[in-house]
Q: 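Quick one: structure below, then a few questions.
Below, chain A is the first sequence line, B the second, and so on; all start at residue 1.
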Number of protein chains: 2
Amino acid sequence: MRIQSVSELKSLERSVEQNTEQQRIDVIEILRTVKNEGDSALFAYTNQFDGVTLDALEVTKEEVDEALSSLDQEMVNIIREAAANIREYHEKQKKESWFFTREDGTLLGQKLTPLDSVGVYVPGGTAAYPSSVLMGVIPAVVAGVEEIVLVSPPGKDGKLPSAVLAAAHVAGVKRMFKIGGAQAIGALAYGTETVPKTDKIVGPGNIYVALAKREVFGVCDIDMIAGPSEIAVLADETANVKYIAADLLSQAEHDSRSAAFLVTTSNELAEQVSKEVEKQLASLPRKVIASQAIKDFGAIYVVGSLDEGAEVINKIAPEHLEIMTKDPMGLLGKIKHAGAIFLGEYSSEPVGDYFAGSNHVLPTSGTARFSSPLNVDDYMKKSSVIRYSEQAIKENGHKISAFARLEGLEAHARAIDVRLEEK
Amino acid sequence: MRIQSVSELKSLERSVEQNTEQQRIDVIEILRTVKNEGDSALFAYTNQFDGVTLDALEVTKEEVDEALSSLDQEMVNIIREAAANIREYHEKQKKESWFFTREDGTLLGQKLTPLDSVGVYVPGGTAAYPSSVLMGVIPAVVAGVEEIVLVSPPGKDGKLPSAVLAAAHVAGVKRMFKIGGAQAIGALAYGTETVPKTDKIVGPGNIYVALAKREVFGVCDIDMIAGPSEIAVLADETANVKYIAADLLSQAEHDSRSAAFLVTTSNELAEQVSKEVEKQLASLPRKVIASQAIKDFGAIYVVGSLDEGAEVINKIAPEHLEIMTKDPMGLLGKIKHAGAIFLGEYSSEPVGDYFAGSNHVLPTSGTARFSSPLNVDDYMKKSSVIRYSEQAIKENGHKISAFARLEGLEAHARAIDVRLEEK
């Protein structure tokens with residue numbers, strides 16, 4: 001792993017998977033067909049794209065029971081314990097409706113309401129991660145969303161992976177459908193005979209899913225389009241070389257475009273981590289992917305001080321940040337841009353991916369400058385509440401209508417004036 | 001205004017301003033040129049599109065002072081008082097960073113951080129509303145955003161409207177630029193020699209502005225694309241006919257595609273409001289616009305009960321809802337989908353547009369199902385904070401690595417395992 005000058009600091013913007021015009025046209029056609037033809041289009045596309053003829057789109061209770069009993073029971077218990085931790089963390093996020101009053105009788109506030117329904121997309125194949133099911137679903141359950149629908153493309157056997165079904169069941173999903181791709185997004189956006197129309201669609205997917213989400217945005221809400229993963233470690237000379245190398249590689253194994261950075265005040269640590277990464281890489285099952293990521297998007301930066309290190313981190317705005325210094329908590333105030341901040345040597349990034357309770361759906365590619373981890377607020381919306389009083393309008397009505405007339409909106413002004421007249 | 005059956009209830013989805021492929025190509029070219037050529041491109045486009053040759057892009061302190069002294073001082077005071085009310089309401093929204101601990105030494109929380117910089121777009125011409133400047137800027141000030149930049153296209157005199165400059169000054173904007181259109185969006189997204197790069201761009205604009213915002217999304221954050229305005233009134237037989245008619249027209253005057261609905265339990269009120277709307281329409285300066293809106297997108301629905309009325313409102317999911325019944329607060333719990341809810345006969349919608357303190361940037365076209373009024377959270381982001389302890393990893397490490405291996409992510413598992421070994 002290369003040691004580089006801070007002056008060579010690269011932007012996290014990486015080439016995103018480019019779509020072709022043909023893909024966009026295909027996606028629009030699929031969405032239109034699902035909107036018009038409903039379930040029959042879903043059966044046909046599932047046959048065409050997933051190579052399987054389904055009897056029914058919805059996962060049955062028997063299939064869920066079978067999945068639960070086919071899995072190692074210890075593993076199911078681990079999923080349950082992780083879910084409980086995730087629930088605990090997300091319950092702390094939940095906000096309540098609130099108001100305040102003025103002496104003139106005015107009441108102002110915000111009414112908080114969960115979304116009615118949410119669709120969670122789970123990719124198929126090797127990218128079907130049960131942990132992501134927990135992370136997408138549990139905040140919705142905590143928010144109070146009544147209808148949470150999971151969709152995922154079936155395998156050649158016409159089933160969803162047992163671990164996905166188990167995680168969905170543990171998380172609290174009541175309805176699951178064996179549909180994927182743009183057709184699944186269309187079903188969630190418009191609704192069909194059996195798939196309910198939802199107000200928001202979350203979860204990652206391939207380029208067709210991403211394009212379809214962008215097309216239906218406005219009909220319903222969508223979450224952000226996630227890029228490849230990143231980790232940055234900020235360390236001083238007290239940090240453990242093996243831990244740092246292992247953590248850098250834990251992100252590098254995700255994708256050949258994943259990024260891994262070490263920012264350190266110690267030249268010696270820099271050299272040691274560089275060597276340790278190569279050593280640990282050699283025996284990794286996914287070493288082809290991880291090596292490519294480390295080669296293309298890995299870097300070690302040596303800085304003059306931890307303050308300078310924090311500045312470098314803020315420029316990177318990494319998805320994951322680990323602080324491994326003598327006093328990690330003391331640096332927290334200097335960090336402005338990071339998706340998740342892991343403090344101290346035992347806070348390895350996979351702790352957050354699976355178990356501690358925080359969400360692993362995080363802003364990537366430097367978008368931590370302006371985006372947040374997936375959280376309960378994403379599944380709720382606010383309504384302003386305004387109660388104006390007779391006293392308030394008598395005292396302020398002439399100001400309000402003057403402001404409206406300044407903007408040339410006479411009907412606005414008259415709506416106030418009519419209330420200042422004698423009834 | 002027509003009285004219709006609830007069965008004819010229409011969707012709020014209206015045809016949006018359609019862009020042509022040529023417009024999209026033009027916008028991409030403008031953005032690319034601004035990114036590459038900076039200020040010189042801005043001067044050239046301002047000359048081309050706004051028909052004015054500027055000496056400098058930035059508004060000077062002298063221009064702001066001149067604007068403040070040219071306005072009626074009573075009007076400036078009204079703007080100040082409105083700003084103070086808006087500030088009070090938005091300060092109540094501000095959240096703090098928080099954490100909780102577990103007995104095993106784990107600490108989990110969220111660190112809340114304001115965005116570094118925000119760009120507020122203000123349309124030119126007759127759509128330049130000083131009230132919208134207050135609504136876009138003040139939540140950013142309250143959030144703690146350090147750099148708030150206003151952009152707006154100059155008039156033929158090379159200046160921005162006095163009322164806009166005054167409102168920007170009162171709201172707390174330090175830097176204002178005389179640029180508009182797609183070129184202004186490019187400047188805010190990429191930065192130029194004089195215009196700072198910003199992390200989020202908010203504010204309405206024409207089709208070029210909307211297209212440009214969509215193109216730069218990801219480079220920075222953007223707010224939602226707003227549609228035409230709407231109002232729905234839920235009323236029983238106790239409501240004031242004149243008030244309802246005036247309030248319906250206050251939204252109808254915005255745009256010929258604005259929508260106005262009355263949902264009422266009283267046949268008599270329905271008939272009276274229908275007539276009163278026609279009467280008040282006759283003398284409105286913007287009656288051509290308002291008549292068209294009432295004709296195309298206005299409707300009165302008579303319902304059997306207020307419960308049914310609330311259901312109709314939830315189906316409409318209006319931007320603005322007024323409840324004018326004997327007990328408006330008692331209906332609040334039944335309302336799930338509305339941008340802003342105005343309670344009682346003195347809570348006329350323009351009260352919220354200008355003065356009460358709530359935000360008038362609200363979700364339109366039924367998007368209140370899943371979107372919120374502009375608020376302080378929109379100018380802040382969250383970072384997860386995870387501090388795992390030695391005890392916690394010794395107790396749970398084997399579960400975490402088991403979960404990682406279930407997903408085939410060996411490097412994740414090893415990042416945990418290395419911490420379970422003797423050092």
Q: List the steps and the verdict of side chain to side chain contact (heavy atoms under 4.5 Å, CB included) for A/Phe99 and B/Lys92.
A: CA-CA 9 Å; A/Phe99 67 89; B/Lys92 307 275 182 191; over 6 Å; no
Q: State whether B/Glu88 and A/Arg102 are salt-bridged, where the test is any N-O pair (Lys NZ or Arg NE/NH1/NH2 against Asp/Glu carboxylate O) under 4.0 Å.
A: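 Counted as a salt bridge, because a side-chain N and a carboxylate O are separated by less than 4.0 Å.
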Q: For A/Asn314, is it the side chain, the backbone, both or neither that has a heavy atom under 4.5 Å from a heavy atom of chain B?
A: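 When you check distances to chain B, no heavy atom of A/Asn314 falls under 4.5 Å.
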Q: Given the options B/Ser372, B/Ser97, B/Ala246, which has more heavy-atom pairs under 4.5 Å with chain A than any of the others?
A: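 Of the options given, most contacts go to B/Ser372.
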Q: Report which part of A/Asp72 has an atom under 4.5 Å of a heavy atom belonging to chain B: side chain, backbone, both, or neither.
A: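 Neither; nothing under 4.5 Å.
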Q: Once rounded to the nearest 0.5 Å, what's the spacing between atom CZ of B/Phe355 and atom CD1 of A/Ile393?
A: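 Result: 10.5 Å between the selected atoms.
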Q: Looking only at non-hydrogen atoms, find the nearest pair between A/Ile78 and B/Ala402 and report the distance.
A: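 Taking every non-hydrogen atom into account, CD1-CB, 3.9 Å.
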Q: What part of A/Phe217 gets within 4.5 angstrom of chain B, counting heavy atoms only: side chain, backbone, both, or neither?
A: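 Contact with chain B involves the side chain of A/Phe217 alone.
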Q: Does any backbone or side-chain atom of A/Leu284 lie under 4.5 Å from a heavy atom of chain B? Answer side chain, backbone, both or neither.
A: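 Looking at A/Leu284, backbone and side chain both touch chain B.
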Q: Any side-chain to backbone donor/acceptor pair from B/Arg419 onto A/Glu345? Under 3.5 Å, distance only.
A: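 A pair under 3.5 Å: yes.
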Q: Select one option (side chain, backbone, both, neither) describing which atoms of A/Phe100 are under 4.5 Å from chain B's heavy atoms.
A: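 It is the side chain, since no backbone atom gets that close.
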Q: For A/Lys95, which atoms come within 4.5 Å of any heavy atom of chain B: side chain, backbone, both, or neither?
A: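 Contact with chain B: side chain only.
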Q: For chain B, find which of A/Leu107, A/Leu406, A/Leu343, A/Leu362 contributes the most heavy-atom pairs closer than 4.5 angstrom.
A: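 It is A/Leu343.
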Q: Which heavy atom of B/Met75 sits nearest a heavy atom of A/Phe403, and at what distance?
A: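 Nearest heavy atoms, B/Met75 then A/Phe403: CE-CA, 3.6 Å.
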Q: Where does A/Ala252 contact chain B at under 4.5 Å (heavy atoms): side chain, backbone, both or neither?
A: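 Neither part, no heavy atoms under 4.5 Å.
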Q: Could you check which of A/Ser371, A/Gly357, A/Gly397, A/Gly344 has the highest count of heavy-atom pairs closer than 4.5 Å to chain B?
A: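 The option with the most such pairs is A/Ser371.
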Q: Please lay out, stage by stage, how B/Glu410 and A/Arg286 fare under the test salt bridge (charged side-chain N to carboxylate O under 4.0 Å, His left out).
A: CA-CA 8 Å; B/Glu410 178 65 20; A/Arg286 295 164 71 95; over 6 Å; no
Q: At a heavy-atom separation under 4.5 Å, does B/Asn77 approach chain A through its side chain, its backbone, both, or neither?
A: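 No part of it gets close to chain A.
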Q: Check each atom of A/Ile79 against the heavy atoms of chain B and say whether the ones under 4.5 Å are side chain, backbone, both or neither.
A: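 For A/Ile79, the contact with chain B is made by backbone and side chain together.
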Q: Taking side chain as everything from C-beta outward and backbone as N, CA, C, O, which of these in B/Ala368 sits under 4.5 Å from a heavy atom of chain A? Side chain, backbone, both or neither.
A: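 The backbone, not the side chain.
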Q: Find the one option among B/Leu249, B/Leu321, B/Val351, B/Leu115 whose heavy-atom pairs under 4.5 Å with chain A are most numerous.
A: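 Highest number of heavy-atom pairs under 4.5 Å: B/Val351.
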Q: Against the six-membered ring of B/Phe370, is A/Lys200 placed for a cation-pi contact (under 6.0 Å from the centre, within 45° of the normal)?
A: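 Verdict for B/Phe370: no cation-pi partner in A/Lys200.
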Q: So which residue, B/Pro285, B/Ala245, B/Ser131, ends up with the most heavy-atom pairs under 4.5 Å with chain A?
A: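 Looking at each option in turn, the highest pair count goes to B/Ser131.
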Q: Go through the steps for B/Lys381 and A/His337 under the test side chain to side chain contact (heavy atoms under 4.5 Å, CB included), then give the verdict.
A: CA-CA 9 Å; B/Lys381 42 64 184 268; A/His337 307 304; 2.7 Å; yes
Q: At a heavy-atom distance under 4.5 Å, which candidate from B/Asp247, B/Asn359, B/Thr113, B/Leu71 has the highest pair count against chain A?
A: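 With the most close heavy-atom pairs to chain A, the winner is B/Asp247.
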Q: Against chain B, label A/His254 side chain, backbone, both or neither, depending on which of its atoms sit under 4.5 Å from a heavy atom there.
A: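 Answer is side chain: those atoms of A/His254 sit under 4.5 Å from chain B.
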Q: Among B/Val385, B/Leu248, B/Asp417, single out the residue with the greatest number of heavy-atom pairs under 4.5 Å to chain A.
A: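 Looking at each of B/Val385, B/Leu248, B/Asp417 in turn, B/Val385 comes out on top.
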Q: Using a strict 4.0 Å threshold on nitrogen-to-oxygen distance, state whether A/Asp378 and B/Lys382 make a salt bridge.
A: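 No, this pair does not count.
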Q: Kindly compute the distance separating NE2 (A/His360) from OG (B/Ser384), expressed to the nearest 0.5 Å.
A: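 Rounded to the nearest 0.5 Å, the NE2-OG separation comes to 11.5 Å.
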Q: Is it the case that the side chains of A/Gln391 and B/Tyr346 hold a donor-acceptor pair, with the cut-off being a distance below 3.5 Å and no angle test?
A: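 Looking only at side-chain atoms, A/Gln391 and B/Tyr346 do not form any donor-acceptor pair under 3.5 Å.
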Q: Need one label for A/Asp353: side chain, backbone, both or neither, based on atoms under 4.5 Å from any heavy atom in chain B.
A: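 The answer is the side chain of A/Asp353.
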Q: In Å, rounded to the nearest 0.5 Å, how long is the span from CZ of B/Arg369 to CG of A/Asp116?
A: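 The CZ atom of B/Arg369 sits 5.0 Å away from the CG atom of A/Asp116.
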Q: Which pair of non-hydrogen atoms, one from A/Tyr354 and one from B/His412, has the smallest distance, and what is that distance?
A: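 Closest approach of A/Tyr354 to B/His412: CE1-CD2, 4.2 Å.
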Q: Please flag which part of A/Thr367 lies under 4.5 Å from any non-hydrogen atom of chain B: side chain, backbone, both or neither.
A: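 Just the side chain, heavy atoms under 4.5 Å.
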Q: Give me the atom names and distance for the closest heavy-atom approach of A/Ser383 to B/Ala338.
A: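 Nearest pair, atom of A/Ser383 first, then B/Ala338: OG-O, 2.6 Å.
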Q: Given the options A/Gly352, A/Pro114, A/Cys220, which has more heavy-atom pairs under 4.5 Å with chain B than any of the others?
A: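 The residue among A/Gly352, A/Pro114, A/Cys220 with the greatest pair count is A/Cys220.
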Q: So which of A/Lys287, A/Glu349, A/Gln93, A/Met224 has the biggest tally of heavy-atom pairs under 4.5 Å with chain B?
A: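 Among the listed options, the one with the most contacts to chain B is A/Gln93.
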Q: Does the side chain of A/Arg414 come under 3.5 Å of the side chain of B/Ser283 through a donor N or O and an acceptor N or O?
A: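 Side-chain D/A pair, A/Arg414 to B/Ser283: present.
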Q: Donor-acceptor check, side chain of A/Ser347 to backbone of B/Tyr388, threshold 3.5 angstrom: yes or no?
A: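 Looks like yes, one N/O pair under 3.5 Å.
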Q: Under 4.5 Å heavy-atom distance to chain A, tell me which part of B/Ile400 shows up: side chain, backbone, both or neither.
A: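 Both the backbone and the side chain of B/Ile400 come within 4.5 Å of chain A.
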Q: Counting heavy-atom pairs closer than 4.5 Å to chain B, which one of A/Glu390, A/Glu74, A/Arg387 comes out on top?
A: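 Among A/Glu390, A/Glu74, A/Arg387, the one with the most close pairs to chain B is A/Glu390.
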Q: How many angstroms lie between NZ in B/Lys242 and CD in A/Glu421, if you round to the nearest 0.5 Å?
A: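 Going from the NZ atom of B/Lys242 to the CD atom of A/Glu421 covers 6.0 Å.
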Q: Among A/Gly408, A/Pro363, A/Ala413, A/Ala340, which has the most heavy-atom pairs under 4.5 Å with chain B?
A: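 Of A/Gly408, A/Pro363, A/Ala413, A/Ala340, A/Ala340 has the most heavy-atom pairs under 4.5 Å with chain B.
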Q: If you compare all heavy atoms of A/Asn375 against all heavy atoms of B/Gln110, which two are closest, and at what distance to 0.1 Å?
A: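 Scanning both residues, the minimum pair turns out to be CB-NE2, 4.0 Å.
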Q: To check you understand the geometry: which heavy-atom pair defines the closest contact between B/Lys111 and A/Leu332, and what is its length?
A: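 Between these two residues, the closest heavy atoms are CE-O, 3.0 Å.
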Q: Would you confirm whether A/Tyr89, through its side chain, and B/Leu108, through its main-chain N or O, come within 3.5 Å as a donor-acceptor pair?
A: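 It does not hold such a pair.
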Q: Taking side chain as everything from C-beta outward and backbone as N, CA, C, O, which of these in A/Pro130 sits under 4.5 Å from a heavy atom of chain B? Side chain, backbone, both or neither.
A: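 Both parts, backbone and side chain.
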Q: Out of B/Asn396, B/Asp199, B/Asp221, B/Ile386, which one racks up the most heavy-atom pairs below 4.5 Å with chain A?
A: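 It is B/Ile386.
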